[in-house]
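Predicted model only: the values in this text are computed from it and were never measured. Each chain gets a letter, A, B and so on, in the order its sequence line appears, and its residues count up from 1.
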Amino acid sequence: MTKRSGFYEQVWAWVRGIPKGKVVTYGQVATALGTPRAARAVGYAMYSVCDEDIPWHRVINSKGQISLGGQLARPELQRQLLVQEGVQFDHQGRIELKVYQWWPESH
DNA sequence: TCGGTGACGCGTT
DNA sequence: GAACGCGCCACCG
(Lines give C-alpha, C1' and ligand atoms only; values in the text may rest on other atoms or scores of the structure.)
Protein backbone atom coordinates (compact mmCIF):
# COMPACT_ATOMS: atom_id res chain seq x y z
CA MET A 1 0.00 0.00 0.00
CA THR A 2 2.03 3.14 -0.65
CA LYS A 3 0.32 4.79 2.23
CA ARG A 4 3.34 5.84 4.18
CA SER A 5 4.50 7.69 1.12
CA GLY A 6 2.17 10.46 2.11
CA PHE A 7 3.10 12.65 5.01
CA TYR A 8 -0.60 13.42 5.20
CA GLU A 9 -1.45 9.89 6.25
CA GLN A 10 0.75 10.35 9.27
CA VAL A 11 -0.87 13.65 10.08
CA TRP A 12 -4.36 12.24 9.72
CA ALA A 13 -3.48 9.25 11.90
CA TRP A 14 -2.07 11.51 14.59
CA VAL A 15 -5.02 13.90 14.47
CA ARG A 16 -7.36 10.95 14.68
CA GLY A 17 -5.88 10.22 18.11
CA ILE A 18 -6.93 13.56 19.54
CA PRO A 19 -9.49 12.99 22.32
CA LYS A 20 -12.81 14.76 22.26
CA GLY A 21 -12.93 18.13 23.96
CA LYS A 22 -9.22 18.76 23.33
CA VAL A 23 -7.40 20.71 20.64
CA VAL A 24 -3.89 20.84 19.19
CA THR A 25 -1.90 23.28 17.12
CA TYR A 26 -0.47 22.73 13.63
CA GLY A 27 3.05 23.17 14.92
CA GLN A 28 2.35 20.63 17.62
CA VAL A 29 1.31 18.00 15.10
CA ALA A 30 4.37 18.76 13.01
CA THR A 31 6.56 18.46 16.09
CA ALA A 32 4.93 15.18 17.07
CA LEU A 33 5.70 13.82 13.61
CA GLY A 34 9.30 14.92 13.90
CA THR A 35 9.14 18.08 11.78
CA PRO A 36 8.38 21.16 13.91
CA ARG A 37 8.97 23.34 10.86
CA ALA A 38 6.39 21.51 8.77
CA ALA A 39 3.44 23.27 10.34
CA ARG A 40 2.47 24.51 6.90
CA ALA A 41 2.46 21.02 5.50
CA VAL A 42 0.17 19.98 8.33
CA GLY A 43 -2.27 22.71 7.41
CA TYR A 44 -2.09 21.49 3.83
CA ALA A 45 -2.89 17.99 5.02
CA MET A 46 -5.99 19.29 6.76
CA TYR A 47 -7.02 20.95 3.54
CA SER A 48 -6.68 17.68 1.71
CA VAL A 49 -8.54 15.68 4.34
CA CYS A 50 -11.96 14.51 3.34
CA ASP A 51 -12.62 11.80 5.91
CA GLU A 52 -15.23 12.45 8.54
CA ASP A 53 -13.29 10.16 10.85
CA ILE A 54 -10.62 12.81 11.14
CA PRO A 55 -11.35 15.51 13.76
CA TRP A 56 -9.80 18.24 11.63
CA HIS A 57 -11.74 20.83 13.61
CA ARG A 58 -9.60 20.03 16.65
CA VAL A 59 -6.53 21.36 14.91
CA ILE A 60 -5.99 25.11 15.25
CA ASN A 61 -3.10 27.55 14.98
CA SER A 62 -0.70 28.44 17.79
CA LYS A 63 -2.67 31.62 18.40
CA GLY A 64 -5.54 29.50 19.62
CA GLN A 65 -7.78 30.83 16.89
CA ILE A 66 -9.28 29.47 13.71
CA SER A 67 -7.97 30.77 10.43
CA LEU A 68 -9.20 28.89 7.40
CA GLY A 69 -10.72 31.16 4.78
CA GLY A 70 -11.54 28.59 2.13
CA GLN A 71 -14.81 27.30 0.80
CA LEU A 72 -14.15 23.91 2.30
CA ALA A 73 -15.62 24.90 5.64
CA ARG A 74 -16.17 28.24 7.23
CA PRO A 75 -14.56 29.09 10.60
CA GLU A 76 -17.97 29.26 12.19
CA LEU A 77 -18.46 25.60 11.38
CA GLN A 78 -15.25 24.59 13.13
CA ARG A 79 -16.14 26.81 16.06
CA GLN A 80 -19.54 25.20 16.30
CA LEU A 81 -18.06 21.72 16.21
CA LEU A 82 -15.63 22.57 19.00
CA VAL A 83 -18.34 24.15 21.13
CA GLN A 84 -20.39 21.04 20.55
CA GLU A 85 -17.57 19.02 22.09
CA GLY A 86 -17.33 21.28 25.10
CA VAL A 87 -14.56 23.63 24.03
CA GLN A 88 -15.28 27.22 24.98
CA PHE A 89 -14.08 30.38 23.26
CA ASP A 90 -13.15 33.79 24.63
CA HIS A 91 -14.78 37.00 23.60
CA GLN A 92 -12.14 37.34 20.93
CA GLY A 93 -13.03 33.94 19.51
CA ARG A 94 -9.85 32.38 20.80
CA ILE A 95 -9.41 29.06 22.61
CA GLU A 96 -7.58 28.72 25.92
CA LEU A 97 -4.73 26.54 24.72
CA LYS A 98 -3.39 26.11 28.22
CA VAL A 99 -6.71 24.50 29.10
CA TYR A 100 -7.80 22.62 26.00
CA GLN A 101 -4.48 21.89 24.33
CA TRP A 102 -3.77 18.17 24.36
CA TRP A 103 -0.36 16.56 24.57
CA PRO A 104 0.12 12.81 23.96
CA GLU A 105 2.99 12.85 26.44
CA SER A 106 1.28 15.21 28.81
CA HIS A 107 -0.97 12.52 30.25
C1' DT B 1 12.98 18.24 -12.55
C1' DC B 2 11.42 22.81 -11.26
C1' DG B 3 8.23 26.47 -9.59
C1' DG B 4 4.16 27.98 -7.23
C1' DT B 5 1.05 27.37 -3.53
C1' DG B 6 -0.84 26.97 1.28
C1' DA B 7 -6.19 25.70 7.24
C1' DC B 8 1.48 28.02 9.86
C1' DG B 9 5.26 29.70 13.28
C1' DC B 10 8.34 32.93 15.04
C1' DG B 11 10.78 37.35 15.41
C1' DT B 12 10.61 42.19 14.91
C1' DT B 13 8.42 46.75 14.66
C1' DG C 1 -0.99 43.39 22.71
C1' DA C 2 -1.49 43.54 17.56
C1' DA C 3 0.18 43.62 12.77
C1' DC C 4 3.66 42.62 9.07
C1' DG C 5 7.22 39.96 6.80
C1' DC C 6 10.30 36.05 6.11
C1' DG C 7 11.21 31.11 6.38
C1' DC C 8 9.87 26.42 6.83
C1' DC C 9 8.16 21.70 4.68
C1' DA C 10 5.20 18.87 1.62
C1' DC C 11 2.02 18.33 -2.59
C1' DC C 12 0.35 19.39 -7.54
C1' DG C 13 0.84 20.57 -12.45
Side-chain angles (χ1 to χ4, degrees):
Chain A
M1 300 145 309
T2 63
K3 67 278 127 203
R4 187 159 54 90
S5 301
F7 173 79
Y8 292 12
E9 291 287 340
Q10 247 182 323
V11 175
W12 299 336
W14 197 91
V15 171
R16 195 179 297 172
I18 302 173
K20 179 182 174 188
K22 291 289 180 179
V23 297
V24 296
T25 64
Y26 296 98
Q28 184 180 343
V29 178
T31 303
L33 295 177
T35 2
R37 300 298 199 286
R40 276 186 129 177
V42 175
Y44 214 79
M46 293 290 97
Y47 178 82
S48 186
V49 76
C50 267
D51 283 281
E52 297 180 357
D53 297 320
I54 309 236
W56 56 269
H57 54 274
R58 291 178 192 159
V59 184
I60 58 179
N61 54 19
S62 63
K63 287 178 280 192
Q65 191 161 33
I66 302 169
S67 296
L68 242 176
Q71 301 177 335
L72 192 71
R74 282 188 245 177
E76 61 180 81
L77 174 61
Q78 185 168 8
R79 185 178 63 181
Q80 189 174 4
L81 288 170
L82 289 172
V83 172
Q84 193 178 47
E85 293 189 352
V87 179
Q88 300 188 357
F89 289 72
D90 319 24
H91 264 275
Q92 295 189 348
R94 303 199 323 203
I95 302 174
E96 198 95 37
L97 288 175
K98 64 179 185 176
V99 176
Y100 296 103
Q101 188 171 22
W102 174 71
W103 291 87
E105 301 179 4
S106 178
H107 62 96

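- At least one donor-acceptor pair closer than 3.5 Å links the side chain of A/Gln65 to the backbone N or O of A/Gln92.
- In this structure, A/Tyr26 places its OH atom 6 Å from P of B/dC8, rounding to the nearest Å.
- One can place OH of A/Tyr8 at 13 Å from C1' of B/dC8, the figure rounded to the nearest angstrom.
- The nearest whole Å value for the distance from the CD1 atom in A/Ile18 to the P atom in B/dA7 is 19 Å.
- Using a 4.0 Å heavy-atom cutoff across all strands shown, A/Gln92 reaches sugar-phosphate atoms only and no base atom.
- Comparing A/Ala41 and A/Lys63 by the nucleotide of DNA chain B that holds the closest heavy atom to each, the one mapping nearer the 5' end is A/Ala41.
- With hydrogens and angles ignored, no donor-acceptor pair closer than 3.5 Å exists between the side chain of A/Tyr44 and the base of C/dA10.
- Contact record, A/Tyr26 with A/Ala39: CB-O, 4.0 Å, taken as the closest heavy-atom pair.
- A donor-acceptor pair is defined here as one N or O able to donate and one able to accept, closer than 3.5 Å; no such pair exists between the side chain of A/Trp56 and the backbone of A/Asp51.
- The side chain of A/Ser62 contributes an N or O atom lying less than 4.0 Å from OP1 or OP2 of B/dC10.
- Rounded to whole Å, atom P of B/dA7 lies 16 Å from atom CH2 of A/Trp12.
- Distance A/Ile54 CD1 to B/dA7 C1': 14 Å, rounded to the nearest Å.
- Dashed line: the shortest gap from a side-chain N or O of A/Ser67 to OP1 or OP2 of B/dC8 is under 4.0 Å.
- Looking at every heavy atom in both residues, A/Ala38 comes nearest to A/Phe7 through CB-CZ, 4.5 Å.
- The heavy-atom pair separating A/His57 from A/Glu85 by the smallest distance is NE2-OE2, 3.0 Å.
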Between N or O atoms, less than 3.5 Å apart, protein on one side and nucleotides 6-8 of chain C on the other: list the pairs.
unit_1, atom_1, unit_2, atom_2, d
C/dG7, O6, A/Arg40, NH1, 3.2
C/dG7, O6, A/Arg40, NH2, 3.4
C/dC8, N3, A/Arg40, NH1, 3.2
C/dC8, N4, A/Arg40, NH1, 3.3

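- The two residues A/Thr25 and A/Val59 have their closest heavy-atom pair at C-CG1, 4.4 Å.
- Regarding A/Leu33, its CG atom lies at a distance of 12 Å from the C1' atom of C/dC9, rounded to whole Å.
- OP1 and OP2 of B/dA7 both lie 4.0 Å or more from every side-chain N or O belonging to A/Arg79.
- Between A/Val15 and A/Pro55, the shortest heavy-atom contact is O-CG, 3.2 Å.
- The interatomic distance linking A/Asn61 (CG) with B/dG9 (C1') rounds to 10 Å, in whole Å.
- As a whole-Å value, the separation of A/Gln10 CD from C/dA10 C1' is 12 Å.
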